[in-house]
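Heads up, the thing below is written out as structure tokens.
We number each residue from 1, following the sequence as shown.
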Amino acid sequence: MLQRPKPTDSEADLLREQEQFLTSGATSAANVVRRPDKRRGETGGDGREHNRENEGRKRDVVTIEDLPDQLPSLTPAPPKKSRFKANRVTFDDDAEERLDKHDTHISAVLSRIVERDTSSTPVSLPTFTGMAFPKVLHLSFCNQVPLSSAGGKKSIFARHIAAQRLKEGKTPLYCAPEAAQTPELREKNLSPDASMDTDQRDAAVSGSRLVSGQGLGGPYSSGEIMRIHVENQAKLEAMSQSEIIEEQRKLLTQLDPRLVDFVRSRKAKSVLSSASPSKQPKAKSSKENVPSESYLFSAVAGLPVKRQKEWVHMDKLEPEKLEWMRDLPAPKKKGTKKAMQARFDFAGGLIPPTEDLPTHLGLHHHGEEPERAGYSLQELFLLSRSQVIQQRTLALSTLANILSKARAGEYQSVLTGSVMSTLLDAGLLFLLRFALDDSVEGVMSTAVHALKALLVCAEDEECLDCTFSWFHGIASFPLLPSAQEEEGDEDEGQDETMKEAAKEKEARKSDHDVARQDTVKGLLQMKLLPRLRYILEVVQPAPGAVHDILEVLIRISRHSSSSQVLDCPRLMETVMSNFLPNSWTAASSPLTQSVYGVPLASAMKLLRVVATSGRHACARLLNSLGVSERLSCLLSAEPSELLLEPTEALRITTEAYRLWAVAAGYGQACKLYIHLYPALVKALQSVHRELAPSDPLLSLQLQRILALLSLLTQVTHTAGCHQELQAGMVSSQGEECPPPPPVSWGHVTGLQALLLGHLKGLVKSLDNPVQKDHSLVLIPAYLIYLEAYYYQLSKQVQYPTLYFLPVCVSIKLMKTFQVSSSVVCNGPSSQLRPDTIPSLPGLACAGWRAHLGLVVSSSPFPLLTGLGLLLETITGIHKGLSYLINYHQFGFFFSSTSFFLCTYWSQVPIEPEVAKHASLYHQVALVLLTWLLPGSEYLAHEMLSTIIFSKDFIPEGHSGGPEAVELGELKLHEEIQHHPSPSLQAVGTLLREACVQLPSIRGCFLTHLAYLESSVLVSRDALLCCNPWINSHLLPELTGPTLPSDWPFLPLVSLYERTGVSDGGGLAVEQLPPGALQAVTHCLQWLLLLEIWREEALRVIPPVAKLARLSCVFLCSSDLFLEKPVQKLTWGLRSRLDSLDLNVPPPGLASFQDLYSALLAQYEAVSFGDRLFGCWVLLPLQRRYSATMRLAVFGEHESMLRSLGVTLEQLCIPIERFTSPPEDSLPLLRLYFRSLVTGALKLCWCPVLYVVALSHVNSFIFSQDAAAQEVEAARHSMLRKIYYLTDEVLRNHLLLFRLPHQNSATGFEMYEQLPPIRAKRLESVLGLRDSSDDKGD
């Protein structure tokens, strides 16, 4: 018997068993089926199964002995055959052979030929004329024959023949009898109204219009059709008119009314366009049967033109097209409340719906509303993808104008929604990117202009240029959307693996998703920079397109993407070689057609913005791209010697000075200062000569002088650090230290006297009305330079004695320039707000020149800033000079500058006159502290260190403030006439202790702000102008203020984040970290001080946010709230919480209900009946707040009612806030009743909620208001159960409750007996009257 192989069998055993199996001839358990090879044309048939089986058996035999010793040669395998090869079309064989192969005999073709029946076709012989040759046809005949008479759609020659035969009174050769025509052909030959006109059917045709004869075969089909037609005609003639009308009525009743209306409307329309000869009377001559050209055009009424003889091929009447030649209907004059689609003209202006514009403006088109002029956004999008170049260009240009006006905010008052958002959501970004890939230069230039209108705001750039010469004006914020900041905040707590996964996810985002969050980033992902480089390098467009491209690159660089601009292959090289060459020639004509090979100010500004991004980028520009040589070439000569237009020469030299100032702000390009020192002195000496009031380029001259002063200021700061860096390099001993700059202090000392003389002349010119305006523009820059000079002079090892001249100039300037600071703060309310979107942020400076603000020439802001800096520096060097200035008189002029507050007020000597307003200064400092933006961390640190926690600026602490608070508390307690909590009487003492602990409080807050240390150091280097240590003039991303508005709660919130968790009230640690109690105490002391003496500073924080943050006292530990200092301070803050709006989620929390659930769980776990914690839990249970929190207490946390022992005297809140108005939530009333009846709520355990539950249940059961059946049934049920209660005390409380009373022993008053109304109500519910009557009987 054959056996199956075993796992232990060897190879020899397997071969032996195989031989036994084959010799036995037994059938195998499984058959090997070979699938047919379709490529070889094999098919699976039953006849091959046996051969296939034998073949499989042969293949299964393995003979090791016959195995050759050598490998077979690698001969090519046989070619594979395809089953489709035979069906392929090939042209290798001869065409004659293929014909002979398929067509064996000519009969195969002739047998399929069917002869057409021509028995009914009329035969017309040619007309015999007396002429030798036929008359030649003229083109004029074609214009005289309509399409219907020519037999449908025919060629021009066929219409010539038809016109000739109609003129001769003969039937056209191509016109078949009506019976032989198909319905489709007859539909073309006959007008719609002719098919419906039964009166003229005989005169129109000689055959039937209804019976086509389709399907009839044989040679006599045409005769059969005519016989049927004659029979029908005989029946109609035999019928009277009334019978015909009756049959028509029956037919109409059987047909669909909509079909009948449709046929009648078609007949009515066809009357105008019909030109059939059947409409002409029979008695007229044959000439009159041919329609004239005036008839063809008069058939469509209202056309403004008539056909002329010289118009070629105008004989065909097309009513659908001729409809557009009618006069347009007048637009609707009546207003409508329904929103209408916005339409724009080519300049981007919005066209009112009722405005009737002339058609020659080109604003009317074949759209949905032809009577309205203008183009909608949808139509412009469609037009921009047209195949006609002019249409694409026109659409893109119109979109660019619309974007410009939308940025200016001109559509906000007339359009709903944002135009910018609508366009971007519709795919404008992709439309413009596709248009940039167009092969036509005009389309590319227009697309670049539209892209510039989308990205660039000219007003923003002008504002940034105007503020460049201000203090710290070189720095600017990156124009990034806020969405990126939120994503960055989410990634802070992730490890490296999670961050890499997030980066991969960001890289996989589609262009649409990226552009929706960040427009500029989306464009960069769409390879915008290489395309712009190609346009500049290869296409070389017109000057306007070049300027637009450079402005787009500037906007991209302000997006913190300057590194991508700098790294784009050949982009910066193209800009440098074409628009900032080392040499150029003067233009041959003023109207140049190209800007290539000529220096451009926009190109220099692009370099300046790129250099602002960082020290490394600036060094690459100076060294690798040869910017230093360009600066030397442009600034070594006067603007009039640059072979440029005067306007462009002034602009490019101004931008060159600004770029140099940015480089000097890093301590770079200082050798250039030494080389160009004579040119700089020459430019300074010519300042007064260039300030002619009649000069048309005065504004450009002023900007050039301001840029020069900014350069000198930065060079002065860099030179002032030379000694410090020189000494640091000696003492560093191998540590990293920046090298000293090549310019030293001796290189800059010679300019101070010259610039000080300029300042004196400008101050004197303030009395001249003609020179006052431009003097006020220049004075701030001179003041900032002098401040830099004296500040760096004080840091030198030896410096000479200062003169009083700068102080005298400053005092005279302050007395001369008396202006209200409200001009700085208050802007007009009617200013248009620009249309901005989150993915494309801007500075919102649209229309800034026409309104009062910080940047206009009349703004006092730059002057006050420069003057404050100079006074602070001088008085810091020479303390005795501070007594020459009346700080109280001038202090309010500087109240708008936070830098002056933290650096100047800290130096103010506290004199009696100044101390009177110290509290006002302190309030202003508290407000400005939360206004400081990123980049001002050093200012915030200085304000916290000097002003905020200074005893001198909190005079209430040592002038009877605590005592006044105590007297106010005592008076309040006498008025409310009940015994307050002992903790509330110690508020004055707590304030006194807080004033003593102010230094410790300051140290506590500075410790918790230690995470800002690196930002403080960077901000300090930038604000103090330590140029060699500055890495970038680009400020941090604008995510919000430096300090949050709730910074006074910072120690408390930080402790909660480290120790407490909000899910379930558990604790993450068993004990508090060291110093936690002291930090919480200092935080609560500072909060109590602000709540009582600086209430305005905390008004920006909503009361519900205060409650949520103070709740951290109870959530961060199990026993922190039991500490005495914390208890007293929290009781004092608890009395200040009122007017809560718990329906609005507190800032930083999803909902207040979640926080309250955590508080309830924590109270159940660790409170031990603490009265403070109990009052905190009771606060949100007032009647005016949501019933959700009361349901949570009486439902999920009913066990806490046993330990919530807060009395009515300790509550500090009127009990009426809990009991009035009556409760209307039936589930909550049932919970109240259940807790009372089951004994879960008792007066001795929870007095407050016991009174609350009694009040609401009593009001509910005795309510006389009409209610739903379910509510009424619940009232009856509760009243019956109360009446049959075995607890007499509870039953009396529920039935005889009158009203709550806090001074009562029980907390409420009771009736001695039920009032009549309530007794009657009880009897009606219980049926007591009926039962008493039965007993009497």
Side-chain angles (χ1 to χ4, degrees), residues 457 460 463-464 467 472 474-494 498-499 502-503 505-506 509 514-522 524 555-563 609 612-614 834 836-845 898-899 927-944 1005 1008-1023 1030-1050 1053-1054 1057 1100-1102 1105 1109 1145-1150:
C457 182
D460 290 356
C463 287
L464 291 173
T467 58
H472 208 41
I474 295 179
S476 61
F477 286 101
L479 300 181
L480 285 171
S482 58
Q484 286 188 351
E485 325 306 334
E486 297 174 0
E487 295 178 358
D489 295 341
E490 294 176 358
D491 296 340
E492 288 182 358
Q494 299 177 355
M498 297 295 292
K499 290 182 179 180
K503 290 181 180 178
K505 183 179 179 181
E506 183 72 20
K509 282 186 177 180
V514 175
R516 186 174 55 184
Q517 297 178 358
D518 191 338
T519 302
V520 175
K521 190 175 180 180
L524 294 176
R555 176 60 179 85
I556 294 176
S557 301
R558 292 196 183 278
H559 179 267
S560 77
S561 301
S562 56
S563 60
V609 175
T612 306
S613 62
T836 58
I837 52 178
S839 63
L840 192 64
L843 301 180
C845 297
S898 57
F899 184 83
V927 173
L928 289 180
L929 182 63
T930 57
W931 289 358
L932 295 178
L933 298 178
S936 303
E937 292 83 2
Y938 177 71
L939 298 182
H941 180 270
E942 289 297 308
M943 293 179 71
L944 291 172
F1005 277 90
H1008 283 83
L1009 291 172
Y1011 68 93
L1012 294 174
E1013 181 180 2
S1014 59
S1015 301
V1016 169
L1017 295 178
V1018 173
S1019 175
R1020 182 196 61 183
D1021 294 339
L1023 290 172
I1030 296 176
N1031 292 322
S1032 175
H1033 291 303
L1034 204 62
L1035 296 174
E1037 298 175 3
L1038 189 57
T1039 57
T1042 301
L1043 293 179
S1045 59
D1046 60 345
W1047 68 268
F1049 296 89
L1050 182 61
V1053 176
S1054 300
E1057 291 177 349
V1100 294
I1101 308 174
R1109 282 147 182 77
L1149 294 176

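- In terms of heavy atoms, Pro481 sits closest to Gln517 at CG-O, 3.5 Å.
- Between Leu1043 and Leu944 the shortest side-chain heavy-atom distance falls below 4.5 Å.
- Counting heavy atoms from C-beta on, the side chains of Ile1101 and Phe1049 come closer than 4.5 Å.
- Between Tyr938 and Val1018 the shortest side-chain heavy-atom distance does not fall below 4.5 Å.
- Looking only at side-chain heavy atoms (C-beta outward), Leu1034 and Arg558 stay at 4.5 Å or farther from each other.
- Side-chain contact between Leu1035 and Ser476: absent, with no pair of heavy atoms (C-beta onward) separated by less than 4.5 Å.
- Across Phe1005 and Trp1047, no two heavy atoms sit closer than the pair CE2-O, 3.5 Å.
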Notebook entry, point to check: Could you walk me through whether Ser839 and Thr519 pass the side-chain hydrogen bond (donor to acceptor under 3.5 Å, both in side chains) check?
Noted result: CA-CA 6 Å; Ser839 63; Thr519 302; 3.0 Å; yes
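- Considering OG1 of Thr1039 and CG of Leu480, their distance stands at 11.0 Å, rounded to 0.5 Å.
- A side-chain donor-acceptor contact under 3.5 Å links Ser562 and Ser613.
- The closest side-chain donor-acceptor pair between Thr930 and Ser1045, if any, does not fall under 3.5 angstrom.
- Asp1021 contributes no side-chain N or O that, together with a main-chain N or O of Ile1030, makes up a donor-acceptor pair within less than 3.5 Å.
- The shortest distance between side-chain heavy atoms of Leu479 and Arg555 falls below 4.5 Å.
- For the atom pair OG1 (Thr467) and NE2 (His472), the distance works out to 11.5 Å, reported to the nearest 0.5 Å.
- In this structure, Ser1019 contributes its side chain and Ser1015 its backbone to no donor-acceptor pair below 3.5 Å.
- A side-chain donor-acceptor contact under 3.5 Å links Glu937 to the backbone of Gly935.
- For the atom pair OG1 of Thr1042 and CH2 of Trp931, the computed distance is 14.0 Å after rounding to the nearest 0.5 Å.
- For Thr612 (side chain) and His1033 (main-chain N/O), no donor-acceptor pair under 3.5 Å exists by modelled atom type.
- Listed for the Arg1109 side chain is a donor-acceptor partner under 3.5 Å among the backbone atoms of Ala1105.
- In this structure, Leu1038 and Pro934 approach most closely via the heavy-atom pair CD1-CD, 3.8 Å.
- At distances below 3.5 Å, not a single donor-acceptor pair connects side-chain atoms of Ser936 with backbone N or O atoms of Leu932.
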Next item on the list: List the steps, then state whether side-chain contact (heavy atoms from CB on, under 4.5 Å) holds for Leu843 with Cys457.
Entry: CA-CA 9 Å; Leu843 301 180; Cys457 182; over 6 Å; no
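- Rounded to the nearest 0.5 Å, atoms NZ (Lys521) and NZ (Lys509) are 7.0 Å apart.
- Scanning both residues, Pro838 and Pro841, for their nearest heavy atoms gives O-CD, 3.9 Å.
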